[in-house]
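All values below were derived from every heavy atom in this structure, side-chain atoms included, with hydrogens, water molecules and symmetry-related copies excluded. Protein chains get the first letters and strands the later ones, always in sequence-line order, with residue 1 at the start of each.
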Amino acid sequence: MAALDQTQVKEGVDQETVDAVAEVSTYKYGWETDIEMEYAPKGVNPDIVRLISEKNEEPEWMTEWRLAAFERWQQMEEPNWAMVSYPKIDFQDQYYYARPKSMEVKPKSLDEVDPKLLATYEKLGIPLKEQMILAGVEGAENAPVEGRKVAVDAVFDSVSVGTTFQKELQEAGVIFCSISEAIREHPELVKKYLGSVVPVSDNFYATLNSAVFSDGSFVYVPPGVRCPMELSTYFRINAENTGQFERTLIIADKGSYVSYLEGCTAPQRDVAQLHAAVVEIIIEEDAEVKYSTVQNWYPGDEEGKGGIYNFVTKRADCRGDRAKVMWTQVETGSAVTWKYPSCILRGEESQGEFYSIAIANNMQQADTGTKMVHLGKNTKSRIVSKGISAGKAQNTYRGLVSMHPKAKNSRNYTQCDSLLIGDKCGAHTVPYIEVKNNSSRVEHEATTSKVDDDQLFYCRQRGMDEEEAVALVVNGFCKDVLQALPMEFAMEAQQLVAISLEGSVG
Amino acid sequence: MLEIKNLHVKLEEEDKQILKGVDLTVEAGKVHAIMGPNGSGKSTLSYVLSGKDGYEVTDGTATLDGEDLLDLEPEERAAAGMFLAFQYPVEIPGVGNMTFLRTAVNAQRKARGEEELSAADFLKVVRAKAKTLKIDADMLKRPVNVGFSGGEKKRNEILQMAMLEPKMCILDETDSGLDVDAMKLVAEGVNALRDEGRGFLVITHYQRLLDHIKPDVVHIMANGRIVKTGGPELALEVENNGYADILAEVA
Ligand SMILES: Nc1ncnc2c1ncn2[C@@H]1O[C@H](COP(=O)(O)OP(=O)(O)O)[C@@H](O)[C@H]1O
Ligand SMILES: [Mg+2]
């Protein structure tokens, strides 16, 4: 079986994958899968909200929750404070629900899975073994696995199409499934936690998401359990004019640990597409969550045509004492990025960390950063942000560090470095610092540098071509953040850094 | 091997002529030394041969084994076998020395259509070569040249040269700032690479390096030209009398 032979080399991120990625000179994921889709009519209104809820076979309380959110959204204005500009989005000219027709009934065996869907996974570089599991190939769970395991949940346009390693996770007591399944199977958990970190009315995009989210991932790790493998979600926008609104809910109960990775791609299109996700993480006492993102949405072409508009609300709530969260993100894609993963440090001695690489090339605009909200005593946070701008791109770091009156003896350290490639791009750093007690301390360091011609010449004299040289220097600049990623993805991220900067010099 | 004819070079940005007709041929298997006062154009010659931006060749040619160097990109010259040990090696923060070396070695192999070295083979070779240059594991892991002492930087250049096995090696004041022991290490590194198929152009101010790396030919460069060429005795003459006599003699 050819598929099985390939499993060997495709597992994890091996040289083969890396080479394959390295070969591609433009946006690698810019193809579109020609699958028969089922769409809801364009636009958003209470009927569409009800339809989405119905398609997901949701209980009444969920439908009501969505409708309330929709009502709220209609009274809200799109924010405009970020340092990004884009044509006005017509929210009524989007599809809010699309799913592969073949997924109307969940596949029970490989024969029932649309082969085009499988081909999509393969192009996405989802390890073959996981593809088989996603596709429900019998016995795939028992095939030998090299290296560490990663359980994958794949979201294709609006619906989750399958989750791997279910059985092993269940044995550990970990729930990892699509959010629609969680709403049906674990309503008590969803009711308790959904919207508890990002309230329905939090912001324009989050509120819209609350009304129309179609699917996403759900994780629950019970008390004292160390999740036996990395969990991962691949998001893929495929259908045209379709917004993607996923909802992710992660709950780490007392003393548990989980590491979660999301990866995202989209086809190359002239028309911009909307992505407005919400991620909520709840971390109880002594629990720890690592959330890593490798975001590679289509960034639009050199003139700024097309691309994904990425408006994302991500927030972690360290509810218990000594809870810990670490956000790591590598943002290379999207035409417009508006994203501030945040940490609410409520529990005493809780800790939040944020490591970020944001690359903007050509006409990309990125306005990203983080918020560290210190509420509890002796809380600590650390921010390491590496912004890289090339072409005519604008890259803004916006960070809020807030020490509340009760957050005595708390600490924040922020390091914010910008690297410019060429002289038509820009980097901006906008720190907001509020300290409302006198025992806390906030440190902020910022640097801006240029890729140095002498460094490039040195690399080239040793035989590297210009792009390889830039990639090497930039990867060196990002090292602190790359090191924070799970090993499997650090390699992938390095290659992404290289690919997204191609054509930025010379 | 390396043939430079009537090479004229000016700065790209301003109207300043730096090389004013350099003629020089380095044969395979030979070591040539270039000495000369500061500002005479020695580093410029090494940069122009390796393809650094900022210079304009207004006349003349430079070939390596018959191949025109001046038309090639720096990395193409490197793949063709041109190596420059920098007078001031550059720091690259965050990039491990080993990663840098491996990327360089594999880039050149790829450019020449050879297979890349596996991580295991590469490690084996690096460790052996590093050891003879007294470069320890720690130095291999540290970011390229960052926080290296002067001597460490120069030894690191020689390690890169040893790994890349170039045809034509140019060393620009590799001995400057080295103590006697470090200089010996560097000289041994160079001598280990001496080979029938390889040429060397050693730029230096001091006879003491040439005590260890015995040159076949010594050139004196002044004001953008090679003004005198001779055997090893020419270096001794400079050591004893400085440049004044020679310059007066050719003026
Ligand atoms: N990029 C440059 N910009 C301005 N002047 C330069 C540049 N490169 C070389 N020069 C000048 O050219 C002359 C030769 O310099 P160089 O080649 O470094 O000499 P050497 O290595 O023999 O000491 C000097 O006068 C130096 O100032
Ligand atoms: Mg010099």
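At a 4.5 Å heavy-atom cutoff, B:Met161 makes no contact with chain A through either its backbone or its side chain. Heavy atoms closer than 4.5 Å to chain B are found nowhere in A:Cys478, neither backbone nor side chain. Contact of B:Ala85 with chain A is made through the backbone alone, with heavy-atom distances under 4.5 Å. For a residue to count as touching a neighbouring chain, one of its non-hydrogen atoms must lie under 4.5 Å from one of that chain's; by this rule B:Ile92 touches chain A with backbone and side chain alike.
Residues A:Gly463 and B:Ala107 come closest through the heavy atom pair O-CB, 3.3 Å.
Between chain A and the residues B:Ala111, B:Pro143, B:Gly96, B:Pro74, the largest count of heavy-atom pairs under 4.5 Å involves B:Pro74.
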Produce the donor-acceptor pair table for chain A versus chain B, cut-off under 3.5 Å.
unit_1   : atom_1 : unit_2   : atom_2 : d
A:Asp454 : OD1    : B:Lys52  : NZ     : 3.4
A:Gln455 : NE2    : B:Glu91  : O      : 3.0
A:Tyr458 : OH     : B:Asn145 : ND2    : 3.3
A:Tyr458 : OH     : B:Glu157 : OE2    : 2.3
A:Tyr458 : OH     : B:Gln160 : NE2    : 3.2
A:Arg460 : NE     : B:Glu75  : OE1    : 2.8
A:Arg460 : NH2    : B:Glu73  : OE1    : 2.6
A:Arg460 : NH2    : B:Glu75  : OE1    : 3.0
A:Arg460 : NH2    : B:Glu75  : OE2    : 3.4
A:Gln461 : OE1    : B:Leu84  : N      : 3.2
A:Gln461 : NE2    : B:Met82  : O      : 3.0
A:Arg462 : O      : B:Gln108 : NE2    : 3.0
A:Arg462 : NE     : B:Gln160 : OE1    : 2.4
A:Arg462 : NH1    : B:Leu84  : O      : 2.7
A:Arg462 : NH2    : B:Leu84  : O      : 3.1
A:Arg462 : NH2    : B:Glu157 : OE1    : 2.6
A:Arg462 : NH2    : B:Gln160 : OE1    : 3.2

